[in-house]
Amino acid sequence: MRASQLFFPTLREVPAEAEMISHKLLLRAGFIRRVGAGIYDYLPLGYKVLKKIEKIAREEMDAQGGQELLMPAIVPAELYQETGRWGLDVLFRLKDRNDRDYSIGFTHEEVVTDIVRRDVRSYRELPLNLYQIQTKGRDEPRPRGGVVRGREFIMLDSYTFDRNWEDLDRAYDKMYVAFSRTFARCGLDTLVVEADSGAIGGKDSQEYMVIADSGEDMILVCGSCGYAANSEKCEIGERPIKKSEEELQSLELVDTPGARTIEQVTSFLKKSPKKLVKTLIYKAGDEVVAALVRGDREINEPKLMRALGVKNIEMADADTIEKLTGAEVGFAGPVGLNGARIIADREVEAMMNFVVGANKTDAHYINANIGRDLEISEYADLRVASKGDACPKCNRDLGVERGMEVGHIFKLGDIYSEGMDAKFLDDDGREKPFLMGCYGMGVSRMLAAIPEVNSDKDGMIWPVSVAPFEVVVILLNSDDDAQCSAAIRLYEELQQAGVDVLLDERDERPGVKFKDADLIGCPIQVVAGRLAGEGKVEVRTRTEKDKQEVDIDNATSRVLELRSGLYSILSDRAAMVSSIGKVD
RNA sequence: CGGGGCGUAGCGCAGCUUGGUUAGCGCGCCAGUUUUGGGAACUGGAGGCCGAGAGUUCAAAUCUCUCCGCCCCGACCA
């Protein structure tokens with residue numbers, strides 16, 4: 001490709017819309033443009049990267065027995081209604097001229113399950129692994145980071161169907177390998193973390209995280225045993241309760257006018273939030289629950305649900321709270337609380353002389369103590385794990401990282417197949433629901449994740465496997481015959497050798513070409529400049545700016561050598577991650 | 001949905017508090033000349049419904065109201 005023919009509108013200034021590094025660079029380098037909130041054009045360079053990512057993903061999926069298909073982007077309402085997901089508010093809904101309901105597909109469990117239930121009857125047709133790469137639509141409450149969280153995005157979603165759990169485990173492990181290798185080949189270091197399976201439901205679930213400060217997810221990582229989990233999921237190891245040595249002080253009712261939040265109470269009473277106990281009132285079906293966590297902690301609702309043994313909970317409404325506590329919202333506490341099941345985070349057990357709501361508007365108790373002023377019959381792990389908490393595996397301290405989720409794999413089991421009556425006949429003559437797995441990879445998000453962790457002040461630095469071009473040949477002065485013929489010769493030789501190469505022969509000053517080349521981030525740069533008169537060009541990599549002067553005759557082979565070196569680093573990494581196997 | 005901010009040329013911004021002639025600056029764009037190893041210099045140009053609507057006023061980019069859009073924080077997030 002010749003740069004004079006290529007549409008890549010680069011910007012010198014940073015558009016005001018961007019906050020994240022990758023977002024700024026993708027805009028500046030002319031890879032993407034915003035069309036609406038969370039909706040983007042992929043311009044030629046960005047689209048090229050996307051296609052390269054997709055190609056790698058397809059190779060790895062196919063290698064593990066996946067079969068690509070393409071399901072509709074528009075999904076009739078009935079399918080989502082079958083599993084009760086039609087009500088989700090992330091759905092983009094639309095109607096046809098006859099007033100029938102549809103939505104833009106946001107994930108395709110129902111659609112693929114429908115395919116399989118219609119045409120797969122026997123265990124002999126299993127296992128089955130179907131995947132697609134498709135544009136999804138989700139009406140995200142808050143799109144951000146450009147293509148990191150868009151309302152329209154490209155995803156690879158794969159679904160496996162098996163006859164039993166052992167086979168599902170095998171299918172899952174294959175997808176684990178396919179995903180790990182895909183990320184490695186795209187030059188992304190990922191950390192696999194235990195995850196909550198969320199609204200989709202299911203059993204095991206892991207996420208592939210790219211560690212980045214700008215990541216949206218909090219991850220807890222154990223430095224000693226390697227356990228890693230999303231904060232939504234992370235369990236907290238049990239440590240012996242250490243009551244402090246302080247003396248019991250007497251319970252006291254104090255006025256705290258208007259102080260409803262932890263912040264207000266702490267600043268009013270001049271006490272650390274660690275001396276407070278938050279009382280959160282939930283409704284679990286007909287039962288009202290008071291969940292207690294230390295003032296500076298956050299409740300983890302999935303954990304609360306598990307501890308209570310229920311499928312669903314919701315924060316109680318103001319009416320319920322007032323009826324229960326006899327006070328306005330913001331003053332609930334466990335002292336003298338009747339009519340609610342009280343459950344506390346384990347950490348609360350060690351607390352003494354703490355502050356709680358008094359179940360009286362504008363009042364709190366100080367110096368409350370368990371046993372004397374209130375009884376707690378149930379303790380459980382209820383809070384969101386944070387830095388310094390005990391690792392659930394080895395009990396050492398957990399550390400915290402931020403991560404960008406680029407992949408998520410689940411063992412769904414029979415949730416969808418049972419719900420949609422998708423069954424096959426097993427060899428024992430019995431009809432059984434398929435055991436399913438689902439696996440999602442954020443392809444368009446990777447377009448951002450890669451430069452998010454690979455850039456410098458001059459621009460992006462693409463891994464050779466997904467770079468918009470593997471090599472850019474910069475012709476500095478197109479009026480100079482020697483430079484011109486050197487550049488064109490190398491461009492043609494590299495093309496002949498199968499290299500994806502860009503020739504920058506634009507009528508621009510050298511500075512512009514250097515800046516654009518760095519911004520776009522092709523891993524190998526060849527410069528045809530002054531030295532062309534002496535039969536030499538410069539060859540250098542995007543990362544190490546030190547140039548090598550090479551005879552024109554040898555330049556192509558030098559570039560090929562560099563290129564294959566870059567590829568072998570990536571394939572070594574891929575080999576490594578696939579041999580490590582599954583983290584459990 | 002709650003809190004905050006922003007909408008003025010393709011991009012980045014000033015002007016708005018205190019209304020007043022022709023709405024400005026930098027970058028980019030077009031033409032010409034000179035330049036040519038890290039976003040050139042000079043000269044000359046093109047380009048605006050000041051987000052939309054309503055109101056106040058002799059007069060609105062500027063004041064008031066309504067709406068729309070976008071960004072950030074939070075809530076939410078397969």
Side-chain angles (χ1 to χ4, degrees), chain A residues 9-20 23-24 27-30 33-39 80 83 85 88-91 105-110 136-146 148-151 153 155-159 195-202 205-207 214 216-218 230-232 261 263 298 301-302 315 404-410 412 415-416 437-442 445 457-459 474-480 483 504 506-519 525 527-533 537-538 540 545 547 549:
Chain A
T10 55
L11 302 172
R12 192 192 292 211
E13 287 181 272
V14 186
E17 69 189 75
E19 197 82 358
M20 282 172 70
H23 191 192
K24 290 177 183 171
L27 286 166
R28 281 192 57 210
R33 283 293 182 265
R34 194 181 65 80
V35 179
I39 304 175
Y80 287 134
T83 55
R85 293 209 290 181
L88 295 182
D89 53 13
V90 293
L91 264 62
F106 75 110
T107 176
H108 282 66
E109 283 78 9
E110 287 85 349
K136 306 283 189 215
R138 287 185 198 174
D139 192 0
E140 288 286 349
R142 186 146 94 79
R144 70 186 96 174
V148 169
R149 178 171 292 273
R151 294 194 297 168
F153 59 97
M155 172 165 140
L156 178 152
D157 47 324
S158 168
Y159 306 89
D196 192 68
S197 47
I200 275 194
S205 165
Q206 291 170 300
E207 288 171 335
S214 54
E216 300 177 280
D217 295 280
M218 239 232 295
N230 194 311
S231 67
E232 294 162 19
T261 65
E263 229 171 65
E298 261 184 277
E301 294 188 0
M315 285 293 261
M404 276 174 96
E405 179 187 349
V406 290
H408 197 161
I409 59 181
F410 296 81
L412 290 174
I415 300 174
Y416 287 87
C438 79
Y439 316 87
M441 184 185 295
R445 182 177 283 182
K457 64 176 180 19
D458 296 314
I474 303 172
L475 168 55
L476 283 190
N477 185 351
S478 45
D479 293 334
D480 181 312
Q483 294 185 27
D504 193 350
R506 289 175 301 167
D507 183 21
E508 289 287 354
R509 297 176 60 84
V512 174
K513 299 187 192 186
F514 285 129
K515 290 287 183 191
D516 277 346
D518 287 349
L519 183 58
Q525 302 179 345
V527 181
R530 280 191 189 123
L531 297 169
V537 292
E538 289 155 30
R540 60 185 173 187
K545 290 274 172 57
K547 50 198 177 190
E549 295 175 6

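Note that the structure is predicted; figures quoted are calculated from it, not measured. In what follows, chains are A, B, ... by sequence order, proteins preceding strands, each numbered from 1.
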Under a 3.5 Å cut-off for both contacts, is [N] paired Watson-Crick or G-U wobble with anything, and if yes, with which nucleotide?
| N | answer |
| --- | --- |
| B:G53 | B:C65 |
| B:G26 | B:C11 |
| B:A46 | none |
| B:U36 | none |
| B:G74 | B:C1 |

Nearest-Å distance for atom pair [atom1]/[atom2], residues [X] and [N]:
| X | N | atom1 | atom2 | answer |
| --- | --- | --- | --- | --- |
| A:Arg33 | B:G10 | CZ | C1' | 10 Å |
| A:Glu140 | B:C1 | CD | P | 16 Å |
| A:Glu301 | B:A75 | CD | P | 11 Å |
| A:Glu19 | B:C70 | CD | P | 17 Å |
| A:Leu11 | B:C13 | CG | P | 13 Å |
| A:Leu27 | B:C27 | CG | P | 22 Å |
| A:Glu216 | B:C76 | CD | P | 13 Å |

For the side chain of [X], starting at C-beta, report the closest nucleotide among [options].
| X | options | answer |
| --- | --- | --- |
| A:Arg149 | B:C77, B:G38, B:C70 | B:C77 |
| A:Arg144 | B:A75, B:C70, B:C13 | B:A75 |
| A:Glu298 | B:A75, B:G39, B:G38 | B:A75 |
| A:Val512 | B:C71, B:A40, B:A75 | B:A40 |
| A:Leu519 | B:C72, B:G39, B:G37 | B:G39 |
| A:Asp516 | B:G39, B:C71, B:U36 | B:G39 |
| A:Glu538 | B:G38, B:G37, B:C70 | B:G37 |

Looking at side-chain heavy atoms only, is the closest gap between A:Arg445 and A:Arg149 below 4.5 Å? yes

Contact check, side chains of A:His23 and A:Glu17, non-hydrogen atoms, under 4.5 Å: yes

Between the base of [N] and the side chain of [X], is there a donor and acceptor pair under 3.5 angstrom?
| X | N | result |
| --- | --- | --- |
| A:Asn477 | B:G37 | no |
| A:Glu13 | B:G10 | no |
| A:Asp458 | B:G38 | no |

Give a yes or no answer on whether the side chain of A:Arg28 reaches the backbone of A:Leu519 with a donor-acceptor pair at less than 3.5 Å. no

With nearest nucleotides of RNA chain B determined for A:Glu232 and A:His23 from heavy-atom distances, which residue corresponds to the more 5′ nucleotide? A:His23

Give one of base, sugar-phosphate or nothing for [X], where a contact means two heavy atoms less than 4.0 Å apart.
| X | value |
| --- | --- |
| A:Val90 | nothing |
| A:Arg28 | base |
| A:Asp89 | nothing |
| A:Pro15 | sugar-phosphate |
| A:Gly440 | nothing |
| A:Tyr439 | nothing |
| A:Leu91 | nothing |

Are more than 12 heavy atoms, taken from residues, nucleotides or ligands other than A:Glu140, located less than 6.0 Å from that residue's CD atom? yes

Is the number of heavy atoms from other residues, nucleotides or ligands under 6.0 Å of A:Glu263 CD greater than 12? no

For nucleotides [N] and [M], find the distance between their [atom1] atoms and express it as a whole number of Å.
| N | M | atom1 | value |
| --- | --- | --- | --- |
| B:A40 | B:C27 | P | 11 Å |
| B:A59 | B:A46 | C1' | 30 Å |
| B:U17 | B:G51 | P | 15 Å |

With respect to the phosphate group of B:A40, does any side-chain polar atom (N or O) of A:Arg509 fall under 4.0 Å of OP1 or OP2?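 True: A:Arg509 side-chain N/O within range (under 4.0 Å) of B:A40 OP1/OP2.
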
Quick check on B:C73: is either OP1 or OP2 less than 4.0 Å from any side-chain nitrogen or oxygen of A:Arg142? yes

Could you encode protein contacts along nucleotides 28-34 of chain B as a string, one character per nucleotide from 5' to 3', using B for base contact, S for sugar-phosphate-only contact and - for no contact, with a heavy-atom cut-off of under 4.0 Å? S------

